[in-house]
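Notes follow once the structure below has been shown.
Heads up: numbering here begins at 1 and tracks the sequence. Nothing here was measured: the structure is a model prediction, and the numbers come from that model.
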Amino acid sequence: LYAAGIWVGAERNGVPLVSTGYPETEFYPLLDPKDTIYRSYEGDARGESYPGPADDDGDGLVDEDWLNGRDDDGDGRIDEDFAARGKQMFSCWFSDDQPQARTIWPEHEPLGVRVRQESYQWGEEDFQDFIGVRYWIDNVGDDFLTSLYVGIYADLDAGPREYGSYHLDDMAGFFSGSWCVMQDEAEVPVRISVAYVYDADGDNGLTPSYFGIVFLGHSTDANGKNGLPWFPSRMLTAFRTFKGLAPYVDGGDPTNDFERYDVLATWAFDNNTIATADYRVLLSCGPFSYLAPGSSFFI
């Protein structure tokens, strides 16, 4: 994983806009020293989680004071009621309306969204080869956002770093189907969707493994009050591949919000690659009909 970032795209007043974490870094935290990356772990006394007593502070609410160095619930205590998961957990937040984004990317037009990010890691042998990430997307602006999509864009490179061209001989693909896993004492099928990269053996067998990004779903709201589906939807909208340094019309990266929204929103699953190159991939889900001011969901 060379680099990756979340993309949030929506129409605001009928105009498609997309805020990106990479390659254009349009998300930033405040410059307050408190807005940094926080660390926790399962067993943290402030971060009980199910099936334990998840209401850490006994106020009848669960996870209302997430791990961000601030008193979110106004009770005079900081970070005392959040869910801690994994042997190591990182938490941070960023938004698309900070002034440094416009300074670096003058054409950036913010949607008014804040993203809360948590990542979870484990040390046991069966669980040490992956990292879980959850993103909460909050509409902190004054406008309704419609036809909203969320994507993960990733630059995936396979090969030893000492090879200067290790990223040029890769292949990328997509798999969606059933896989059998152990649940208690039984083996049951689960459906997975994964974008992956592997080395096409341009380094003489030094990189035999695969790297993948698996989409695990998103929150739903049966009332439809925040624009989420009425049914548990775990469908991906698109899987796209892009070639490094190529123009957009020839399969390269999108370069403006209209092109970015188009690749997020167009139902398309690119074929697995047949020629080696430096590839980037995009997984997207949606559409969410609308996201009202003050509403949020997670993927």
Side-chain angles (χ1 to χ4, degrees), residues 1-7 20-23 37 39 41-42 85-90 117-135 150-183 187-217 234 236-246 251-253 263 268-285 299:
L1 178 61
Y2 178 77
I6 189 171
W7 285 18
T20 63
Y22 182 81
I37 298 175
R39 179 181 297 178
Y41 56 92
E42 58 188 23
R85 298 181 176 92
K87 291 299 191 293
Q88 186 178 62
M89 167 179 150
F90 292 131
Q117 174 185 302
E118 288 182 354
S119 61
Y120 319 108
Q121 303 83 44
W122 289 264
E124 293 86 351
E125 184 175 356
D126 287 345
F127 308 114
Q128 64 183 1
D129 289 335
F130 64 87
I131 295 172
V133 185
R134 175 174 286 183
Y135 299 94
V150 179
I152 298 297
Y153 171 100
D155 186 350
L156 308 178
D157 298 326
R161 289 183 182 274
E162 60 266 25
Y163 283 44
S165 59
Y166 71 94
H167 57 290
L168 298 177
D169 63 339
D170 296 339
M171 300 282 268
F174 177 77
F175 170 82
S176 182
S178 295
W179 197 259
C180 288
V181 300
M182 294 301 298
Q183 191 173 82
E187 193 173 66
V188 297
V190 296
R191 187 164 186 83
I192 61 171
S193 297
V194 54
Y196 60 85
V197 67
Y198 65 96
D199 186 86
D201 203 20
D203 52 21
N204 301 313
L206 295 178
T207 313
S209 300
Y210 284 63
F211 176 85
I213 299 175
V214 181
F215 178 71
L216 296 178
R234 293 199 170 111
L236 283 172
T237 302
F239 163 72
R240 308 299 300 270
T241 59
F242 311 108
K243 293 181 180 179
L245 303 180
D253 290 316
V263 298
F269 289 81
D270 290 349
N271 293 326
N272 295 348
T273 60
I274 58 174
T276 59
D278 177 19
Y279 287 107
R280 297 88 187 267
V281 302
L282 175 74
L283 291 171
S284 74
C285 65
I299 66 167

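Aromatic ring pairs are classed by plane angle as parallel below 30°, tilted from 30° to 60° and perpendicular above 60°; the pair Y153 and F242 is parallel.
Taking A172 as the reference, T241, T273, Y279, V281 meet the side chain to side chain contact (heavy atoms under 4.5 Å, CB included) condition, with sequence neighbours excluded. By the ring pair (Phe, Tyr, Trp, His ring centres under 6.0 Å) test, F127 pairs with no residue at all, sequence neighbours left out. Shown here are the salt bridge (Lys or Arg N to Asp or Glu O under 4.0 Å) partners of R134, two or more places apart in sequence or in another chain: there are none. Taking the ring pair (Phe, Tyr, Trp, His ring centres under 6.0 Å) definition, one finds that F174 meets it with F239, F269, sequence neighbours left out. Qualifying ring pair (Phe, Tyr, Trp, His ring centres under 6.0 Å) partners for Y166, counting only residues two or more places apart in sequence or in other chains: none. The salt bridge (Lys or Arg N to Asp or Glu O under 4.0 Å) search around D157 returns none, not counting sequence neighbours. Listed by chain and residue number, nothing satisfies the side-chain hydrogen bond (donor to acceptor under 3.5 Å, both in side chains) test with D201 (two or more places apart in sequence, or in another chain). Residues passing the side-chain hydrogen bond (donor to acceptor under 3.5 Å, both in side chains) test with Q88, sequence neighbours excluded: none. Residues satisfying the side-chain hydrogen bond (donor to acceptor under 3.5 Å, both in side chains) test with Y196, not counting sequence neighbours, are N272. Under the ring pair (Phe, Tyr, Trp, His ring centres under 6.0 Å) criterion, F175 pairs with no residue at all, not counting sequence neighbours. Under the salt bridge (Lys or Arg N to Asp or Glu O under 4.0 Å) criterion, D169 pairs with no residue, sequence neighbours left out.
In terms of heavy-atom proximity, L206 sits nearest to P160 at CD1-CG, 4.0 Å. Nearest approach of V133 to Q117, heavy atoms of both residues: CG1-CG, 4.1 Å. Of all heavy-atom pairs between Q128 and G123, the closest is OE1-O, 3.4 Å. Shortest non-hydrogen contact noted between R39 and F90 is NE-CE2, 3.2 Å. W7 and Y22 make their closest contact through NE1-O, 2.8 Å (heavy atoms, listed as atom of the first residue, atom of the second, distance). When all heavy atoms of A277 and K243 are compared, the pair lying nearest together is CB-CG, 4.4 Å.
Note: E187 CD to M182 CE = 6.0 Å, rounded to the nearest 0.5 Å. Atom-to-atom distance recorded for F215:CZ and T237:OG1 is 8.0 Å, nearest 0.5 angstrom. Note that CG of L283 and OG of S193 are 8.0 Å apart. Values are rounded to the nearest 0.5 Å. Atoms CG and CG, on D170 and L156 in that order, are 8.5 Å from each other to the nearest 0.5 Å. The CG atom of D199 lies 10.5 Å from the CE atom of M171; values are rounded to the nearest 0.5 Å.
Residue pairs meeting the salt bridge (charged side-chain N to carboxylate O under 4.0 Å, His left out) criterion with at least one partner in residues 119-129, sequence neighbours excluded, are K87-E124.
At a cut-off of 3.5 Å, with distance as the only test, a side-chain donor of S119 or Q121 sits close to an acceptor on the other residue.
Side-chain atoms of D155 never come within 3.5 Å of backbone atoms of Y2 as a donor-acceptor pair (strictly under, hydrogens ignored).
In L1, the CG atom is crowded: over 12 heavy atoms of neighbouring residues, nucleotides or ligands sit closer than 6.0 Å.
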